[in-house]
Amino acid sequence: MARARDPIADLRRIAFLLERANEATYRVRAFRSAAKALAGLSAAELTERAGNGTLTELAGVGDVTARCVAESLAGEEPVYLRRLVATEGSDLDAEATALRAALRGDCHTHSDWSDGGSPIEEMALAAVELGHEYLVLTDHSPRLTVARGLTADRLRRQLDHVAQLNAALPEGFRILTGIEVDINADGSLDQDDDLLARLDVVVGSVHSGLKDERSKMTRRMLTAVANPHLDILGHVTGRMVSSRPAGVTGPGDRGHRARTRAESDFDADAVFAACAEHDTAVEINSRPERQDPPKRLIRRALEAGCRFAINTDAHAPGQLDWQRFGCERAALCGVPADRVINTWSAEQLVAWTHDRR
Ligand SMILES: [Zn+2]
Ligand SMILES: [Zn+2]
């Protein structure tokens, strides 16, 4: 008789996952015992007993395990197993949680001065509530006109405004000045050098020509990474893995415009080697529709010796809590906290960016 699933294998799989999650022994034993008791039955008897509800008459088989067997015989993944698989990897969760707890700020955020949905002070207050010690404000640069990129004049005005806001914010919290500067086609940065030099943190990203050929894109990125003003290389591949994440709405959500987009093509090993050489941090962008870089590239950047910044690229206050997504991916790739620049204090971070220039 053909059937879609092997109920004994499902019971064993459940036992294995319970053990790996370090669950109580009696729970594991219930599934192991049931698997053992049922392994002695013929397929016909197993099906008959599941059908007439007499599986539980067998020693070692209880209601929960009998239900798993019935679901499995019906060709469905047992609900119990499905839940376990969904919550698998509790150790890893602990690592991601520890990494998230180690983060003291966010180095890539937007306000309504460019394409974000909220004033700077609202972003800052949300960051305070999240327990951050700092928020780096990185609105867009002039060439990104669709995102109302800031001219040099508007950026200067923003710096004055941030200084005023900082004076009124709770002690122990600071808005750090910054920019998400476009990396131009020739690899130069889309803002005046003297202004870039004044900023606490400079994130640089490619927002155009994402389909350019490999050698051109590699050259462009290598030039940018070698620029002493560039501190963090933003959303490295430019990919979009999904359209708007479920349940996310509201102003400032750039996801609603996002479409699926392939990674841009460049020599990742060369770019990461340059990041390591020039001590430019590689961003782990937490946005659900970006998840950039993909895990295989995070691992290569780690091997290359790069530092990382786990950023939200938040365009609204609630999105500041998306750092945990980036932490999960970083933890999956084994990124240690001491390679992540936003585990530093604001003073350490700013000392690092100024040293680099
Ligand atoms: Zn960007
Ligand atoms: Zn951004």
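Counting starts at 1 for both ligands and their atoms, following the listed order. Residues take their numbers from the sequence shown, with the count starting at 1.
If you take CD on Gln291 and CZ on Arg329, they are separated by 5.5 Å, rounding to the nearest 0.5 Å.
In the hydrophobic clustering of this structure, Leu144 does not group with Leu199; members are Ile, Leu, Val, Met, Phe, Trp, Tyr whose side-chain heavy atoms approach within less than 4.5 Å, directly or through other members.
When distances to the Zn ion (ligand 1) are checked against a cut-off of 2.8 Å, His108 contributes no N, O or S atom below that limit. For residue His110, an N/O/S atom approaches the Zn ion (ligand 2) to within less than 2.8 Å.
Phe31 pairs by the ring-ring contact (aromatic ring centres under 6.0 Å, His included) definition with Tyr80, not counting sequence neighbours. Scored by the ring-ring contact (aromatic ring centres under 6.0 Å, His included) test, His229 finds no partners at all (sequence neighbours excluded).
Between the OE2 atom of Glu180 and the NE2 atom of His235, the angle taken at the Zn ion (ligand 1) works out to 100° after rounding to 10°.
More than 12 heavy atoms of other residues, nucleotides or ligands lie within 6.0 Å of CG in Asp160, so this atom counts as buried by the packing criterion.
Distances from the Zn ion (ligand 1) to the N/O/S atoms of His207 are shortest for NE2. Closest N/O/S atom of Asp313 to the Zn ion (ligand 2): OD1.
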